[in-house]
Amino acid sequence: MMNRPELADFLRTRRQGLQPEDVGLERGPRRRTSGLRREEVAQLCAMSADYYARLERGTGPRPSEQMTAALARGLRLSLAERDHLFQLIGHHAPQRAIRDDHISPALMRVLDRFDDVPAQIMSGLGETLRQTRVARALLGDETRFTGPSRSVFYRWFTDPASRNIYPEEDQPGVARIYTAQLRRVVTEQGPDSPAAELARTLAQLSTEFSALWSDHEIGLGFTEQKRILHPEVGLIEVHCQTLLDPDQHQALLLFIATPGSSSQEKLDLLSVIGNQNLTIGL
């Protein structure tokens, strides 16, 4: 059963405890409340302001599990708080398995500081959990995928279009790196893990993956510099910095170009135009 009064109070206290700076928002001179506004939380949770307001008033419909997870992410809840939220709404709390979409509040706060930089949080399975707006402009919306396609490893070996992000001469090396990275995760998580199941699936679907897997390469990784082929602005060279959260099995990736370079100019352009298609009307 959904505990509406407790849920309303929990949402309200967590909203009031969040500051604009915690989620990458400007405080502004006209802010009268100490915490976030309801409409700001609604935006963070990708829901309507009316829907969220009704939940805080205790009159809203019961959120689905997917919507509950969105509330937990938007409010920057800890794992314990997330489980509590699920129970208040009347859902079973998600098992704290190795594969977990919940992002720690600390990692979310770091990501919020980089709104004008291409940055994204990824799981050990290569699933993009969150992106900044510039990361979406640079790499596309990688959070839109469902099922096995959520994993970049799966997309790489089953969808040829996913490779267009890298120059053709770089693609064989990327395939080896992705295979080695997946093998590392399988070793860490064990033969009954989602990572192992993904490897077995790819071995059946892709002869390339099967051949690379049999090479048993381990320890491969991207160098600090990566070349990304953007469909509108062309080749961009970036330095990829990684911040690991071992407890959550997640990583925050930052893509930074050399100051003053043509690649930096292209990133600046993407920061302005976002996901607009530059070729429209030409």
Side chain to side chain contact (heavy atoms under 4.5 Å, CB included) between Val186 and Trp213, intermediate numbers included:
CA-CA 12 Å; Val186 170; Trp213 189 260; 4.1 Å; yes

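Under a 4.0 Å N-O distance rule, the pair Arg133/Asp115 qualifies as a salt bridge. Between Arg227 and Glu169, at least one side-chain N (NZ, or NE/NH1/NH2) sits under 4.0 Å from a carboxylate O, which counts as a salt bridge. Glu81 has a carboxylate O that lies under 4.0 Å from a charged side-chain N of Arg14, or vice versa, which qualifies the two as a salt bridge. One finds a salt bridge joining Arg15 and Glu56 here, because a Lys/Arg side-chain nitrogen approaches an Asp/Glu carboxylate oxygen to under 4.0 Å. Under the 4.0 Å criterion applied to side-chain N and carboxylate O atoms, Lys226 and Glu237 are not assigned as salt-bridge partners.
Contact detail for Tyr51 and Pro61: the closest heavy-atom pair is CE1-CG, 3.6 Å. Taking each heavy atom of Leu18 and Gly74 in turn, the nearest pair found is CD1-O, 4.1 Å. The two atoms that bring Val23 and Asp112 nearest to each other are CA-OD2, 3.1 Å, heavy atoms only. Nearest heavy atoms, Asp50 versus Arg57: OD1-NH2, 4.5 Å.
The distance between the ring centers of Phe10 and His84 falls below 6.0 angstrom.
Within the 4.5 Å cutoff, the side chain of Leu55 has heavy atoms near those of the Pro63 side chain. Side-chain contact check for Leu202 versus Leu182: some heavy-atom pair is nearer than 4.5 Å.
Cation-pi geometry between Arg163 and Phe157 is satisfied (NZ or CZ under 6.0 Å from the ring centre, within 45° of the ring normal). Because its NZ or CZ atom is both nearer than 6.0 Å to the ring centre of Phe145 and within 45° of the ring axis, Arg155 counts as a cation-pi partner of that residue.
When atom types are taken as modelled, the side chain of Arg62 and the backbone of Gly90 share a donor-acceptor pair closer than 3.5 angstrom.
Residues Asp268 and Gln264 have side chains that bring a donor and an acceptor to within less than 3.5 angstrom of each other.
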